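As structure tokens, the structure follows; a few thoughts come after it.
All values reported here derive from a predicted model rather than from experimental measurement.
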Amino acid sequence: MKTRESGMPDMVTWEGFFDPGSILRKLDLNPGDRDVVDFGCGYGTFSLAAARIATGTIFALDIEPDMVETTTRRAGEEGLSNVKDFLLDFAEQGTGLSDRSIDFAMIFNILHAEFPELLLNEASRILTSRGRPAVIHWIYDPDTPRGPPMEIRLKPEECIDLASESGFDLLHSGVIDLPPYHFGMVFTP
């Protein structure tokens, strides 16, 4: 199932919105984390950055063949052998990953999906007892140059409520400002 408003801008525009390594450090991804999953990897923007930080495998999942191919190609060009890409409808099929096998789940710019609880419940199933789901989403501002329509764009408190319903608690750092157009948060089981 594709998310509502699934279109991606070109890679240069998209990657101009982020400093992925810095953002992942703010969201507490660290070398002590082994396996990581990227729900909706897109161009691999965050998958590749995570591969430089985490010590295990980065499972980069996307429903779009072009996104998976791009991530695979870029990982190869950068010599990142720990990125494993999968063409997968994880909302319909799950991730296929083992229970309690993942230390960090990246749920970035995707919680506006029609059934976000499916993503969060799958993250809950696959995360280890010390695992953390991290969320990035567009700020609630109609003047952002992209992002989902305002009627489906989540505010931070809505993300927190969704995560809470899936058994997660917001970590003490709270909502993290990720200028210019995003916010982030990290949860714990």
Side-chain angles (χ1 to χ4, degrees), residues 3-6 8-9 13-33 35-50 52-54 58 60-61 90-91 95 102-189:
T3 61
R4 301 178 286 180
E5 204 279 309
S6 291
M8 285 284 284
T13 300
W14 180 250
E15 294 195 343
F17 295 141
F18 306 105
D19 177 350
S22 173
I23 288 172
L24 289 174
R25 284 187 291 282
K26 286 180 183 179
L27 296 176
D28 196 35
L29 180 66
N30 62 71
D33 292 316
D35 295 338
V36 175
V37 64
D38 187 356
F39 286 93
C41 66
Y43 299 113
T45 305
F46 288 97
S47 297
L48 302 179
R52 292 184 204 97
I53 298 170
I58 311 306
L61 316 176
F90 49 79
T95 60
I102 299 294
D103 288 332
F104 195 83
M106 299 188 293
I107 306 169
F108 295 172
N109 297 301
I110 198 168
L111 274 186
H112 60 277
E114 204 161 353
F115 301 105
E117 63 278 359
L118 295 175
L119 304 176
L120 291 164
N121 289 339
E122 180 66 358
S124 179
R125 183 187 70 76
I126 63 176
L127 283 168
T128 64
S129 60
R130 67 179 196 87
R132 292 142 357 261
V135 169
I136 293 176
H137 212 287
W138 292 88
I139 59 174
Y140 196 79
D141 181 348
D143 292 330
T144 57
R146 278 217 32 89
M150 297 310 291
E151 60 269 12
I152 63 170
R153 191 179 300 203
L154 301 177
K155 297 176 184 173
E157 56 272 15
E158 293 171 304
C159 293
I160 293 167
D161 288 345
L162 283 168
S164 177
E165 290 169 12
S166 292
F168 296 115
D169 293 316
L170 183 64
L171 282 179
H172 66 279
S173 54
V175 178
I176 301 164
D177 188 31
L178 302 173
Y181 306 117
H182 294 82
F183 65 87
M185 50 189 71
V186 182
F187 297 89
T188 186

Whether Lys155 and Glu158 form a salt bridge (side-chain N of Lys/Arg under 4.0 Å from carboxylate O of Asp/Glu) is what I want to check.
no
Side chains of residues 161-185: which donor-acceptor partners sit under 3.5 Å, not counting sequence neighbours?
unit_1 : atom_1 : unit_2 : atom_2 : d
Ser166 : OG     : Asn121 : OD1    : 2.9
His182 : NE2    : Asn109 : OD1    : 3.1

With side chain to side chain contact (heavy atoms under 4.5 Å, CB included) as the test, would you mind laying out the steps for Thr95 and Ile126 before giving the verdict?
CA-CA 9 Å; Thr95 60; Ile126 63 176; 3.7 Å; yes
Value for CD1 (Ile102) from CD (Glu122), rounded to nearest 0.5 Å, stands at 10.0 Å
Scanning both residues in full, the closest heavy-atom pair of His112 with Ile152 reads CB-O, 3.4 Å
Below 4.5 Å, heavy atoms only, C-beta onward: do Leu61 and Val37 meet side chain to side chain? yes
Just so I know, are the side chains of Phe108 and Val135 near enough to count as touching, which here means a heavy-atom distance under 4.5 Å? no
Interatomic distance, CZ@Phe39 vs CZ@Phe90, rounded to 0.5 Å, equals 6.5 Å
*Do the side chains of Leu111 and Leu120 get nearer than 4.5 Å, heavy atoms only?*
yes
In this structure, CG of Leu154 is separated from NE2 of His137 (nearest 0.5 Å) by 4.5 Å
Any donor-acceptor pair under 3.5 Å linking the side-chain atoms of Thr144 with those of Arg153? yes
Heavy atoms of Pro189 and Ser129 approach each other most closely as CG-O, 4.0 Å
Ring centre gap for Phe18 and Phe46 strictly below 6.0 Å: yes
Mind listing the side-chain donor-acceptor pairs of residues 20-32 below 3.5 Å, one per line with the distance, residues two or more places apart or on another chain?
unit_1 : atom_1 : unit_2 : atom_2 : d
Arg25  : NH1    : Gly21  : O      : 3.3
Asn30  : OD1    : Gly32  : N      : 2.8
Asn30  : ND2    : Asp28  : O      : 3.2

Ring centroids only, cut at 6.0 angstrom: are Phe17 and Trp138 within range, meaning strictly under it?
yes
Between the OG atom in Ser47 and the CE atom in Met106, the distance rounded to the nearest 0.5 Å is 4.5 Å
query: Going by heavy atoms in the side chains, are Ile160 and Phe187 under 4.5 Å from each other?
result: yes
Fill in: Side-chain heavy-atom pair Asp33, Ile53 within 4.5 angstrom cut-off
no
**Study point:** Step-by-step side chain to side chain contact (heavy atoms under 4.5 Å, CB included) determination, Asp103 to Asp35
**Key:** CA-CA 6 Å; Asp103 288 332; Asp35 295 338; 5.6 Å; no
Here the gap from Tyr140 atom OH to Met150 atom CE, rounded to the nearest 0.5 Å, amounts to 4.5 Å
Here the pair of heavy atoms bringing Pro133 nearest to Ile107 is CB-CD1, 4.1 Å
